Amino acid sequence: MGTPAFACPSLEALLAGPDPVVGVVCQPDRARGRGLAVAAPEVKRLAVARGLPVLQPERLRDPGFAPALRALAPDLVVVAAYGKILPRWILDLPRHGCINVHASLLPRHRGAAPIPWAILAGDAATGVTIMAMAEEMDAGDVLLARATPIDAEDTAGTLGARLATLGAAALVEAIDGLKAGRLRPVPQPAEGVTFAPRLTHEQGRLDWSRPADELCRVVRAFAPTPGAFTTLAGRILKIHRARPEAAPPGAPPGTVVHAGADGIVVAAGGGALRLLDVQLEGRRRLAAGAFLAGHPLPAGTCLGAR
RNA sequence: CGCGGGGUGGAGCAGUCAGGUAGCUCGCGAGGCUCAUAACCUCGAGGUCGGUGGUUCAAAUCCACCCCCCGCAA
């Protein structure tokens, strides 16, 4: 059971393994994007390409779903970013239970958005955890965890891709371990629990009164989508890539203190943020130099005015 | 039929409303200045203005249809 791209490497890994994948469950196709075209989730596209049966219940208690899932008779259910809370009856259905691929080192960052939250928190490292699912969200016993350092250039995109791969490998390892009987579920420590709820678009708005290194983390956590943003003359300006640095003294937060091919330097609450890749609403993403060719930014221009 | 912005020399933009010589900031090439330079000055190359059709003496500009890119909202 999984829905977005994060779950695809895990599904691929299962397909490559010795155990048959009897079916795939993902969220329903949704009207999304420009023009509200109906689009299938990434996992469904992969499953369909591999000829797997796909279930897409709107609600898990839809009358047709339970019989359909039971008919697949899974011995084990693997969940990776499915997007719905599983009720008791599903957790109890497979003989070997349900295991989950979670993109953090539990008990840190329980919830829907562990990857951006790890970046926002300034964590030096994060990872994936394979756990035996319990009713409480992301609180199940840990079977296996694998860490990866968070690089200063990492974005939610790059980190997510890496964790998806790491998660797939850990999943295979965990299943092997379970079959060999050498994996023992370990309860999560009571200390160190944090929560990583879904991010709202508004949380990507850069508050220039905040320190530059914090703003830089927001940029990385929101990249590539939905993107951190500020405003320029009332229009949304997305910031795709930026770097924190020391600020010249005296410039009020949000003020452009330098603009050139080497970046647009904006004063923050502490230090300054050098904008490297930006995108004006309705326009393409551009490097600072290219952006400035058509949108001159005199020093003193203020960003983020409301 | 969700709302909206856009496609103009290699890059980014103006010009479109009030049809009539293709503009700006860069990049590129040549020359000059300079101890020197990514700086500065001069000159230059480079565009069937997304596509098709229509209106017109004349279309980047007006009309119709199509293709592509992007922001918002979900």
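Remember, it's a predicted structure, so these values are computed and weren't measured experimentally. Side chains are part of it too, since the values below use all heavy atoms of this structure and drop only hydrogens, waters and symmetry mates. Lettering of chains follows the sequences in order, A, B, ..., and the numbering in each one begins at 1.
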Q: Could you give the distance separating rG54(B) and rG2(B) at their C1' atoms, to the nearest angstrom?
A: 31 Å
Q: Provide the distance between the two P atoms, one in rU37(B) and one in rU61(B), to the nearest whole Å.
A: 46 Å
Q.
Just N and O in the side chain of His201(A): are any of them under 4.0 Å from OP1 or OP2 of rC72(B)?
A. yes
**Q.** Whole-Å gap separating C1' (rC72(B)) and CG (Leu280(A))
**A.** 13 Å
Q. To the nearest Å, how far apart are Arg32(A) CZ and rC3(B) P?
A. 20 Å
Q | Between rU21(B) and rA60(B) - C1' atom distance, rounded Å | A | 14 Å
Q) Roughly how many Å is it from CD in Glu202(A) to P in rC72(B), rounded to a whole number? A) 12 Å
Q: Just name whichever nucleotide pairs with rU34(B), Watson-Crick or G-U, keeping both distances under 3.5 Å, else none.
A: none
Q. Expressed as a whole number of Å, how far does the C1' atom of rU48(B) sit from that of rA59(B)?
A. 14 Å
**Q.** Leu237(A) CG - rC72(B) C1' separation (whole Å)
**A.** 15 Å
Q) For rC26(B), which nucleotide in any strand shown is its Watson-Crick or wobble partner with both distances under 3.5 Å? A) rG10(B)
Q: With P as the reference atom in both, quote the distance from rC24(B) to rG15(B) in angstrom, rounded to an integer.
A: 15 Å
Q) At under 4.0 Å, does any side-chain N or O of Lys238(A) touch on OP1 or OP2 of rC72(B)? A) yes
Quick test: give all pairs of protein nitrogen or oxygen and nucleotides 24-28 of chain B nitrogen or oxygen below 3.5 Å, distance rounded to 0.1 Å.
from	atom 1	to	atom 2	distance (Å)
rU25(B)	O2	Ala293(A)	O	3.4

Q. Is any NZ, NE, NH1 or NH2 atom of the basic residue among Glu214(A) and Arg217(A) found under 4.0 Å from an Asp or Glu carboxylate oxygen of the other?
A. no
Q.
I'd like to know if Glu173(A) and Arg146(A) make a salt bridge, using a cut-off of under 4.0 Å between side-chain N and carboxylate O.
A. yes
Q | Atom-pair distance (CD on Gln279(A); P on rG5(B)), nearest Å | A | 17 Å
Q | salt bridge (charged side-chain N to carboxylate O under 4.0 Å, His left out) pairs, two or more places apart, involving residues 60-84 of chain A | A | Asp75(A)-Arg95(A)
**Q.** Earlier contact from the 5' end, RNA chain B, for Ala290(A) and Arg235(A)
**A.** Arg235(A)
Do any N or O atoms of the protein come closer than 3.5 Å to N or O atoms of nucleotides 6-8 of chain B, and which pairs are they?
from	atom 1	to	atom 2	distance (Å)
rG6(B)	O2'	Arg283(A)	NH1	3.1

Q: Assign Gly35(A) to base, sugar-phosphate, or nothing according to its heavy-atom contacts below 4.0 angstrom with the strands shown.
A: base
Q: Could I get the full list of side chain to side chain contact (heavy atoms under 4.5 Å, CB included) partners for Glu153(A), not counting sequence neighbours?
A: Asp151(A)
Q: Let me know the distance between NE2 of His295(A) and C1' of rC70(B), rounded to the nearest Å.
A: 13 Å
(Q) Going by purine N1 to pyrimidine N3 plus the second Watson-Crick contact, or the G-U wobble pair, all under 3.5 Å, which nucleotide sits opposite rA18(B)? (A) none
**Q.** Nearest-Å distance once atom C1' is located in both rG47(B) and rC28(B)
**A.** 15 Å
Q: List in chain and number order the residues that pass side chain to side chain contact (heavy atoms under 4.5 Å, CB included) with Ala145(A), two or more places apart in sequence or in another chain; answer none if no residue qualifies.
A: Leu105(A), Thr129(A)
Q.
Once you apply a heavy-atom cut-off of 4.0 Å, does Leu286(A) come out as touching a base, just sugar-phosphate, or nothing?
A. sugar-phosphate
**Q.** Point-to-point distance, once rounded to the nearest 0.5 Å, from CZ of Arg110(A) to NE2 of His102(A)
**A.** 9.0 Å
**Q.** Whole-Å gap separating C1' (rG12(B)) and CZ (Arg285(A))
**A.** 16 Å
Q) Other than Leu286(A), what residues sit in its cluster of Ile, Leu, Val, Met, Phe, Trp and Tyr side chains whose heavy atoms are under 4.5 Å apart, directly or through others? A) Trp117(A), Leu120(A), Leu199(A), Leu206(A), Trp208(A), Leu215(A), Val218(A), Val219(A), Phe222(A), Leu232(A), Leu237(A), Ile239(A), Val256(A), Ile264(A), Val266(A), Leu273(A), Leu275(A), Val278(A), Leu280(A), Phe291(A), Leu292(A), Leu297(A), Leu303(A)
Q. Taking only residues two or more places apart in sequence or in another chain, which ones pass ring pair (Phe, Tyr, Trp, His ring centres under 6.0 Å) with His240(A)?
A. none
Q: Apply ring pair (Phe, Tyr, Trp, His ring centres under 6.0 Å) to His201(A) and list each qualifying residue two or more places apart in sequence or on a separate chain.
A: Phe229(A)
(Q) Tell me whether the side-chain N or O atoms of Arg34(A) pair up with the base of rG71(B) as donor and acceptor below 3.5 Å, since no angle test is needed here. (A) yes
Q: Quick one: which residue pairs count as a salt bridge (charged side-chain N to carboxylate O under 4.0 Å, His left out) with a foot in residues 180-190 of chain A, not counting sequence neighbours?
A: none
Q. Taking atom C1' in both rA30(B) and rA45(B), what distance in whole Å separates the two?
A. 10 Å
Q. According to the Watson-Crick and G-U wobble definitions, with both distances under 3.5 Å, which nucleotide is paired to rG2(B)?
A. rC72(B)
Q) Roughly how many Å is it from CG in Asp277(A) to C1' in rC70(B), rounded to a whole number? A) 16 Å
Q. Say you pick atom P in rG6(B) and the same atom in rA74(B); how far apart are they, in whole Å?
A. 23 Å
Q: Applying side-chain hydrogen bond (donor to acceptor under 3.5 Å, both in side chains), run through His109(A) and Asp138(A) and close with a yes or a no.
A: CA-CA 9 Å; His109(A) 304 308; Asp138(A) 294 330; over 6 Å; no
